[in-house]
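We count residues from 1, following the sequence as given.
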Amino acid sequence: MHAHLAAGERPRCSLKPSLNVTPLPTDLLKPDPANTRIDGKKQIRQIARSIETFGFNVPLLIDADMKVIAGHGRLSAARQLGFSEVPTISLGHLTPAQARAFAIADNRLTEIATWDAKLLGEQLRELSEFDLNFDIEVTGFEIGEIDLLIGNTAPQADPDDEAPRPVPGPAICRPGDLWQLGRHRIHCGSAIEEEAYRL
């Protein structure tokens, strides 16, 4: 079959296969029983929220027998949302062995990527400043994570905003002193002592 290949050369699939998006009924699509990626209930809910917010933008990848190669979580989310059909792309140009290897690679190659925490924090900060018509947690990050990422991108404090340092010399004010400033009073004391609030 590959007699035309040079010694040591590996056969390749077409780098530009003809891929068409086809809507198919969800009840005809079959999850792969050999799928090694486990989607938990929380993740399925997050995928469903993403689909509700942004639409079903990433088709399922299936083989000629309508078995899912990639997109098990999206299929589960679509069924949870009551979708009767979803967009699909048939990878009929892959052999069964290639389809199985691709299913593993599709998950693994994204899994080993890393985030640019600073850039991610900046993007989340910019998103948080928009008048969003959706919950920012639909990005997959929880509020605590978002706050932490945004906090790590906060600009350096302006030196002009810092409180002035005390001038060396004898203290002008001592604990217990009460200053009258027009209608206001300033008490020098501890905020955790009840007596300070009785003056």
Give the minimum heavy-atom separation between [X] and [Y], together with the two atoms involved.
X: Ser90; Y: Leu19; result: O-CD2, 4.1 Å
X: Gly140; Y: Gln46; result: O-NE2, 3.9 Å
X: Ile150; Y: Ser128; result: CD1-OG, 4.0 Å
X: Lys67; Y: Pro33; result: CD-CD, 4.4 Å
X: Ala48; Y: Ala77; result: N-CB, 3.7 Å

List the steps and the verdict of side-chain contact (heavy atoms from CB on, under 4.5 Å) for Val68 and Lys30.
CA-CA 6 Å; Val68 177; Lys30 300 172 284 189; over 6 Å; no

Return yes when atom [atom1] of [X] has more than 12 non-hydrogen atoms of other residues, nucleotides or ligands closer than 6.0 Å, and no otherwise.
X: Lys118; atom1: NZ; result: no
X: Ile192; atom1: CD1; result: no
X: Arg79; atom1: CZ; result: yes
X: Leu109; atom1: CG; result: yes
X: Glu194; atom1: CD; result: no
X: Ile172; atom1: CD1; result: no

When you look at Leu127 and Leu132, which way does the side-chain contact (heavy atoms from CB on, under 4.5 Å) test go after all the steps?
CA-CA 8 Å; Leu127 276 174; Leu132 301 178; 4.3 Å; yes

[Y] backbone acceptor or donor facing [X] side chain under 3.5 Å:
X: Gln98; Y: Thr95; result: yes
X: Arg74; Y: Val58; result: yes
X: Glu145; Y: Glu142; result: yes
X: His187; Y: Trp179; result: no
X: Asn35; Y: Pro31; result: no

Point-to-point distance, once rounded to the nearest 0.5 Å, from [atom1] of [X] to [atom2] of [Y]:
X: Ser50; Y: Asn57; atom1: OG; atom2: CG; result: 7.5 Å
X: Leu81; Y: Thr26; atom1: CG; atom2: OG1; result: 11.0 Å
X: Thr153; Y: Glu122; atom1: OG1; atom2: CD; result: 6.0 Å
X: Glu85; Y: Thr22; atom1: CD; atom2: OG1; result: 10.5 Å
X: Met66; Y: Asp27; atom1: CE; atom2: CG; result: 10.0 Å
X: Gln43; Y: Ser76; atom1: CD; atom2: OG; result: 10.0 Å

Can you check side-chain contact (heavy atoms from CB on, under 4.5 Å) on Arg174 and Asp177, steps first, answer last?
CA-CA 6 Å; Arg174 292 179 175 78; Asp177 287 352; 4.1 Å; yes

Cluster link [X] to [Y], ILVMFWY, side chain under 4.5 Å:
X: Ile51; Y: Val86; value: yes
X: Ile69; Y: Ile104; value: no
X: Val138; Y: Ile136; value: yes
X: Leu119; Y: Phe130; value: no
X: Phe54; Y: Leu75; value: no

Of all residues at least two apart in sequence or in a different chain, which pass the side chain to side chain contact (heavy atoms under 4.5 Å, CB included) check with Thr114?
none

If you define the side chain from C-beta out and look only at heavy atoms, does anything of [X] sit under 4.5 Å from [Y]?
X: Leu120; Y: Leu149; value: yes
X: Ile44; Y: Gln80; value: yes
X: Pro87; Y: Pro23; value: no
X: Val21; Y: Thr88; value: no

Show your working on side-chain contact (heavy atoms from CB on, under 4.5 Å) between Leu24 and Ile62 and close with a plain yes or no.
CA-CA 11 Å; Leu24 289 176; Ile62 61 174; 3.6 Å; yes

With sequence neighbours left out, what residues match Arg108 under salt bridge (Lys or Arg N to Asp or Glu O under 4.0 Å)?
Glu111

Run the salt bridge (charged side-chain N to carboxylate O under 4.0 Å, His left out) test on Glu52 and Arg45 for me, step by step, so that the C-alpha distance in whole Å, both residues' side-chain angles and the decisive distance to 0.1 Å come before the verdict.
CA-CA 10 Å; Glu52 284 182 309; Arg45 288 195 301 270; over 6 Å; no

So that I can tick it off, tell me whether Asp135 and Arg49 are bridged by a salt bridge, with the cut-off set at under 4.0 angstrom between side-chain N and carboxylate O.
yes

According to the interplanar angle, ranging from 0 to 90°, do the rings of Phe83 and Phe56 count as parallel (below 30°), tilted (30 to 60°) or perpendicular (above 60°)?
tilted

